[in-house]
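All chains are named by letter (A, B, ...) in the order of the sequence lines, taking the proteins before the strands, and each is independently numbered beginning at 1. Worth saying up front: this structure is predicted, and the values here are computed from it rather than measured.
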2 protein chains.
Amino acid sequence: MIVKNSIKRLLQYQMCLVRLRELGFEKVYSYVLGREAGVTAEQVRKDFSEFEIRGKRKGGYSVDETLDKLHEIFRKNVMQEVILVGMGNIGTALSRYECGFTEKRKYIVAAFDIDPSKLKRNADIPVLPVEEMEDYIREKGITVAIIAVPAISAQDVCNRLIGCGIRGIMNFAPIILKTPPHIVIDNINLCNVLEGVIYCSWYGKDSCGCE
Amino acid sequence: MIVKNSIKRLLQYQMCLVRLRELGFEKVYSYVLGREAGVTAEQVRKDFSEFEIRGKRKGGYSVDETLDKLHEIFRKNVMQEVILVGMGNIGTALSRYECGFTEKRKYIVAAFDIDPSKLKRNADIPVLPVEEMEDYIREKGITVAIIAVPAISAQDVCNRLIGCGIRGIMNFAPIILKTPPHIVIDNINLCNVLEGVIYCSWYGKDSCGCE
DNA sequence: ATGATAATGTTAAAATTTTCACATTAAATG
DNA sequence: CATTTAATGTGAAAATTTTAACATTATCAT
Ligand SMILES: NC(=O)c1ccc[n+]([C@@H]2O[C@H](COP(=O)([O-])OP(=O)(O)OC[C@H]3O[C@@H](n4cnc5c(N)ncnc54)[C@H](O)[C@@H]3O)[C@@H](O)[C@H]2O)c1
Ligand SMILES: NC(=O)c1ccc[n+]([C@@H]2O[C@H](COP(=O)([O-])OP(=O)(O)OC[C@H]3O[C@@H](n4cnc5c(N)ncnc54)[C@H](O)[C@@H]3O)[C@@H](O)[C@H]2O)c1
C-alpha cells in the first residue's frame, strides 16, 4: 500500500542519489541515504520495499540501478511538458530555473500572460497571450500547468485549464483552488511556509510539531 | 497535544478567514471554513479546540475573534523580520512579494549577495554584501532567514547563519540542510513538488496518495 | 417559556504512518 | 568451506493523525 508521503520521499531520494553519484558513490546504504534525505534508514528501506526497489543484503543499494528504477517510476524517459500561466515575478523566476540538482531539466515549454507587455513569442520559452492558451494546451496535449497569477484570477485560470484537459496544477496563488476530485492540485503557499518557520523557531521545534 | 500538520492548517484557516471577512462574513461555520481550506469540518473543530479557539454552539465562529486569536498564536503583533540570502531569480521574486492574501505584509528587511553587481544599499530592501551578513543579523537580532543561493553554497550559508543566531530557515536550494536539532528548517523543493504533481496526475490521484 | 434545532466540543474509534525487531542472506574472513 | 558479520526486507507493534459519534448548549420559533 502506497503511503501518502512516500512519493515525496522518493523524489528526495532521487535527488540525493544524483548528488551521491556525482560524488563518486556506486552503492549506498539505507542509513547513508536516510542521513542525506533527512529520514531514518528504516523509512528508506520501507519506501524502497513498497516500490520494489531492491538492494543487496550487506551490499546496500546500487546507485545506478536505484536511479534507473526511480526514473522509471517518475517516467523520466518520456517528455514531461508543462505550461506556466502568469509571467510576473515568480513566473519569471520559475521560467529561468532548471530543475534538479544536477540533472538539469526544463519542464516549462510555454508561458501565458494577459499583459501584452509581457509577451515574447520568440523567446526560448515563448510568452504568449492567454487567449491562445487553450488551443496550445489541446494541440500539444499538455496535462500539467503552473499557476502564477494574482489570487483574484487564479480560480478563473484554473477553471479554464481544467476545461482544456489539464489534470495537474501547481498553484502559487495564495488560495485553495476548488476543482473536481480527479484533478491533482498542489497549492503552494510560501507565506504560510515562512510563517510556519517563524512560528516554530519561536515556540521551539518540540512544541510545534514541525518536521 | 499539538498535531504536526495543525500549524499548517491554522495558517490556511487564517488566510481563508481574511478573505471571508473581506467578503463580508462576520461569522463562519466549521463546514464553511473547512470547504474554503480544503479540509473536513471535524478537522477545523478539532484544530480550533486544540488551540482553544471557541465558537458558539449553533452560532459558528466569529471571524474577527478567531482572527484575533490566530494573530496572537502567530504573533502578528510583534515585528517578524527576516533576511534573505541570494538575490537571484527566486530571491528577487520573493523580495517583491507582499505576503498574505489581503493582509499585505513584508517580512524581508534586508538581502545579502556575494555578487557585487547585485548590491543596492539604498533600495527599499537593501541588498548588502554577504560579508556584512553576520553583523547585521546580530545587530538587529534577526532569527529567521531565507536561503536562495545555489545548492553548492547553501550548506555554507546555512552554517554561517546558525553561527550568528538564526534559528529558523526557509531553504529554496534543492538540498537537505544539515543542522543541529534545535534549528527549524523548511526545505522547499519546487522541482520535487512539480514532479509530484506530474506523477500524481499521471498515475491518478488514488494510486499515489497525494492530498 | 419551552421545545426543536443546529451548531460546537470532545471522547472514542478507525485509519494511517512510522518505528521496531528480527529473520534472512550475501559478502568477508579465517 | 564454515563462520562471522553487516546489511536488507518485512510483518508486527507503536505512534500519530484523522474521522466519527454524540453529548452539549446557544439560538430560534412557537
Ligand atoms: N513573487 C513571489 O515571490 C511570490 C511568492 C509566492 C506566491 N506568489 C503568488 O504568485 C502569484 C504571482 O505573484 P507575482 O509576484 O509573480 O505577481 P505579478 O503581479 O508580478 O505577476 C502576475 C502575472 O500574472 C499576469 N496575469 C494576471 N492575470 C492573468 C490572467 N487572468 N491570465 C494570465 N496572466 C495573468 C500578470 O500580467 C502578471 O504578469 C500571486 O498569486 C502571488 O500571491 C508570489
Ligand atoms: N529560480 C527558481 O525559480 C528557483 C525555484 C526553486 C528553487 N530554486 C533554487 O533557489 C536557489 C537560487 O536559484 P536562482 O534561480 O535564484 O539562482 P541565481 O543564480 O539566479 O541566484 C543565486 C544568487 O545567489 C548569489 N550567491 C551565490 N553564492 C552566494 C553566497 N555564498 N552568499 C550569498 N549569495 C550568494 C548569487 O550571486 C546569485 O545572485 C538555487 O538553489 C535554486 O536551485 C530556484
Side-chain angles (χ1 to χ4, degrees), chain A residues 1-13 16-17 20 25-66 69-70 181 196 200 205-211, chain B residues 1-13 17 20 25-67 69-70 181 196 200 205-211:
Chain A
M1 199 251 166
I2 295 179
V3 171
K4 195 170 159 297
N5 294 333
S6 63
I7 298 295
K8 213 173 298 180
R9 284 193 301 266
L10 286 185
L11 288 162
Q12 203 64 256
Y13 302 149
C16 294
L17 285 168
L20 289 171
F25 283 72
E26 290 182 355
K27 63 179 190 178
V28 66
Y29 300 135
S30 57
Y31 75 91
V32 173
L33 187 51
R35 182 173 3 101
E36 287 307 301
V39 303
T40 63
E42 292 78 18
Q43 187 76 82
V44 173
R45 296 207 299 275
K46 190 88 190 180
D47 287 335
F48 279 5
S49 170
E50 223 69 72
F51 284 85
E52 282 162 324
I53 292 171
R54 307 289 171 191
K56 285 201 168 59
R57 314 249 172 182
K58 196 160 186 178
Y61 299 87
S62 150
V63 172
D64 280 338
E65 280 174 32
T66 308
K69 201 79 205 283
L70 286 169
C200 290
K205 220 169 174 178
D206 304 323
S207 63
C208 81
C210 60
E211 58 242 50
Chain B
M1 200 252 166
I2 293 178
V3 171
K4 193 171 162 296
N5 294 334
S6 63
I7 299 293
K8 212 173 299 176
R9 285 192 300 264
L10 285 186
L11 287 162
Q12 201 65 255
Y13 302 149
L17 285 168
L20 289 171
F25 283 72
E26 289 180 357
K27 63 178 190 179
V28 67
Y29 300 135
S30 57
Y31 76 90
V32 174
L33 188 51
R35 183 175 0 105
E36 287 306 301
V39 303
T40 64
E42 292 78 18
Q43 187 76 82
V44 173
R45 297 206 299 275
K46 185 92 193 181
D47 288 334
F48 279 5
S49 169
E50 224 69 73
F51 284 85
E52 283 162 322
I53 292 171
R54 306 291 172 189
K56 285 200 171 60
R57 313 250 172 181
K58 194 158 187 182
Y61 300 87
S62 150
V63 172
D64 280 336
E65 280 173 32
T66 307
L67 270 173
K69 202 77 204 290
L70 286 168
C200 290
K205 220 168 174 179
D206 305 323
S207 64
C208 81
C210 61
E211 58 242 45

Participant: Measuring from atom OH of A/Y13 to atom CG of A/D47, what distance do you get when rounded to the nearest 0.5 angstrom?
Facilitator: 3.5 Å

Participant: Report yes if at least one side-chain N or O of A/R54 is closer than 4.0 Å to OP1 or OP2 of D/dT10; otherwise report no.
Facilitator: yes

Participant: Map A/E50 and B/T40 onto DNA chain D by nearest heavy atom, then report which one ends up closer to the 5' terminus.
Facilitator: A/E50

Participant: Can you tell me how far apart CD (B/E50) and CG (B/L10) are? Round to the nearest 0.5 Å.
Facilitator: 10.0 Å

Participant: Ignoring hydrogens and angles, write down the donor-acceptor pairs under 3.5 Å from the side chains of residues 53-61 of chain A, residues two or more places apart or on other chains.
Facilitator:
none

Participant: What is the distance, to the nearest angstrom, from the CG atom on A/N5 to the P atom on D/dT18?
Facilitator: 11 Å

Participant: Without placing hydrogens or testing angles, list every side-chain donor-acceptor pair under 3.5 Å for residues 29-36 of chain A, not counting sequence neighbours.
Facilitator:
unit_1, atom_1, unit_2, atom_2, d
A/Y29, OH, A/K27, NZ, 3.4
A/S30, OG, A/R45, NH1, 3.3
A/E36, OE1, A/R19, NH2, 2.4
A/E36, OE2, B/K178, NZ, 3.2

Participant: What does the list of N/O pairs under 3.5 Å between the protein and nucleotides 11-16 of chain C look like, with a distance for each?
Facilitator:
unit_1, atom_1, unit_2, atom_2, d
C/dT11, O4, B/K46, NZ, 3.4

Participant: Expressed as a whole number of angstroms, how long is the span from A/I53:CD1 to D/dT10:P?
Facilitator: 13 Å

Participant: Rounded to the nearest 0.5 Å, how far apart are NZ of A/K4 and CZ of A/R9?
Facilitator: 10.5 Å

Participant: In whole angstrom, what separates B/K27's NZ from D/dC28's C1'?
Facilitator: 11 Å

Participant: Can you name the residues that form a side chain to side chain donor-acceptor pair (under 3.5 Å) with B/S62, not counting sequence neighbours?
Facilitator: none

Participant: Which whole-number value in Å describes the distance from A/F48 CZ to C/dT18 P?
Facilitator: 15 Å

Participant: Quick one: NZ on B/K69 to OG1 on B/T66, what's the gap to the nearest 0.5 Å?
Facilitator: 9.5 Å

Participant: Which residue, B/E42 or A/D47, contacts DNA chain C at a nucleotide closer to its 5' end, judged by nearest heavy atom?
Facilitator: B/E42

Participant: To the nearest 0.5 Å, what is the distance between CD on A/E65 and CG on A/L70?
Facilitator: 12.0 Å

Participant: At a cut-off of 3.5 Å, list every protein nitrogen or oxygen paired with a nitrogen or oxygen from nucleotides 2-7 of chain C, distance to 0.1 Å.
Facilitator:
unit_1, atom_1, unit_2, atom_2, d
C/dT5, O2, B/K58, NZ, 2.8

